[in-house]
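Encoded as structure tokens, the structure appears first; notes follow it.
Computed from a prediction, not measured in an experiment: that's the story for all the values here. For reference, positions follow the sequence shown, starting with 1. Order of listing sets the numbers, starting from 1, for every ligand and every atom in it. Just so you know, these numbers use all the heavy atoms, side chains as well, and skip hydrogens, waters and symmetry mates.
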Amino acid sequence: MKIDVKILDPRMADQLPAYATPGSAGLDLRACIDEPLQLAPNAWQLVPTGIAIYLKDPGYAAMILPRSGLGHKHGIVLGNLVGLIDSDYQGQLMVSAWNRSDTAFTLQPMERLAQLVIVPVVQARFNVVTDFPASARGEGGYGSTGKH
Ligand SMILES: O=c1ccn([C@H]2C[C@H](O)[C@@H](COP(=O)(O)OP(=O)(O)OP(=O)(O)O)O2)c(=O)[nH]1
Ligand SMILES: [Mg+2]
């Protein structure tokens, strides 16, 4: 699949997001900042990525997810937990970087900060009913199937 991309920061021209291995699901997004950015404990900041994408087809969306190394080792995750990029969004991809740890973290310019995953989407319509046909689960949830 090919996606239209605009390079908004010239530094991104030769380092467009790429799949690190043939089996990778995520494209790493870089922090297009001019100077190191210090994130104090529990601080968050919107970080530009230097690119814009236009998925166009409503059958797709993109999700911004944390990188596991940064998230687990340094507590750098996303202020919105997951970023959802609509197929008609044409603005710069932005990453809400949140330092959920108790230690300050310095983000370096062009450091890989988060990852973008392209996913298929179904746009559903609602069919209003008064009753559902019985299912095995019914209204059970929140542990209703037991602990083990
Ligand atoms: O981490 C993110 C999340 C969103 N976006 C962009 C793409 C998305 O299509 C748009 C709107 O996002 P969303 O619908 O999640 O935000 P909203 O608060 O509902 O804003 P809006 O009223 O513009 O839809 O913002 C990003 O660049 N990064
Ligand atoms: Mg919205």
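- More than 12 heavy atoms of other residues, nucleotides or ligands lie within 6.0 Å of CZ in Phe105, so this atom counts as buried by the packing criterion.
- When non-hydrogen atoms are compared, ligand 1 lies under 4.0 Å from the backbone of Asp86 as well as from its side chain.
- Across the listed options Leu84, Ile53, Leu55, Leu84 owns the non-hydrogen atom lying nearest to atom 8 (C) of ligand 1.
- Which parts of ligand 1 touch Gln92 is read off a 4.0 Å heavy-atom cut-off, strictly below it: atoms 27 (O).
- Val95 and Leu8 are not part of a single hydrophobic cluster, where members link through side-chain heavy atoms under 4.5 Å apart.
- The protein heavy atom nearest to atom 6 (C) of ligand 1 is Tyr89 CZ, 3.6 Å.
- For atom 18 (O) of ligand 1, the nearest protein heavy atom is 4.0 Å or more away.
- Remark: the backbone N or O of Leu93 is paired with a side-chain donor or acceptor of Thr49 at under 3.5 angstrom.
- Scanning all heavy atoms of the two residues, the minimum distance from Ile76 to Pro66 falls at O-CB, 4.5 Å.
- Of the heavy atoms in Asn80, only side-chain atoms (C-beta onward) come closer than 4.0 Å to ligand 1.
- Less than 4.0 angstrom separates some heavy atom of Gly83 from each of these atoms of ligand 1: 1 (O), 2 (C), 3 (C).
- Across all their heavy atoms, Met94 and Ile64 have their closest contact at O-CD1, 3.4 Å.
- The atoms of ligand 1 that sit less than 4.0 Å from any heavy atom of Ile64 are 1 (O), 28 (N).
- The heavy-atom pair separating Leu107 from Ala31 by the smallest distance is CD2-CB, 3.8 Å.
- Nearest to atom 28 (N) of ligand 1 among the protein's heavy atoms is Met94 O, 2.8 Å.
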Original post:
Between Leu113 and Leu29, does a side-chain contact (heavy atoms from CB on, under 4.5 Å) hold up when you go through it step by step?
Top reply: CA-CA 6 Å; Leu113 169 64; Leu29 297 171; 5.7 Å; no
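- Within the 3.5 Å criterion, the main-chain N or O of Ala104 finds no donor-acceptor partner in the side chain of Gln38.
- At least one protein heavy atom sits closer than 4.0 Å to atom 14 (O) of ligand 1.
- The residue from Leu29, Thr49, Ile85, Leu93 that puts a heavy atom closest to atom 26 (C) of ligand 1 is Ile85.
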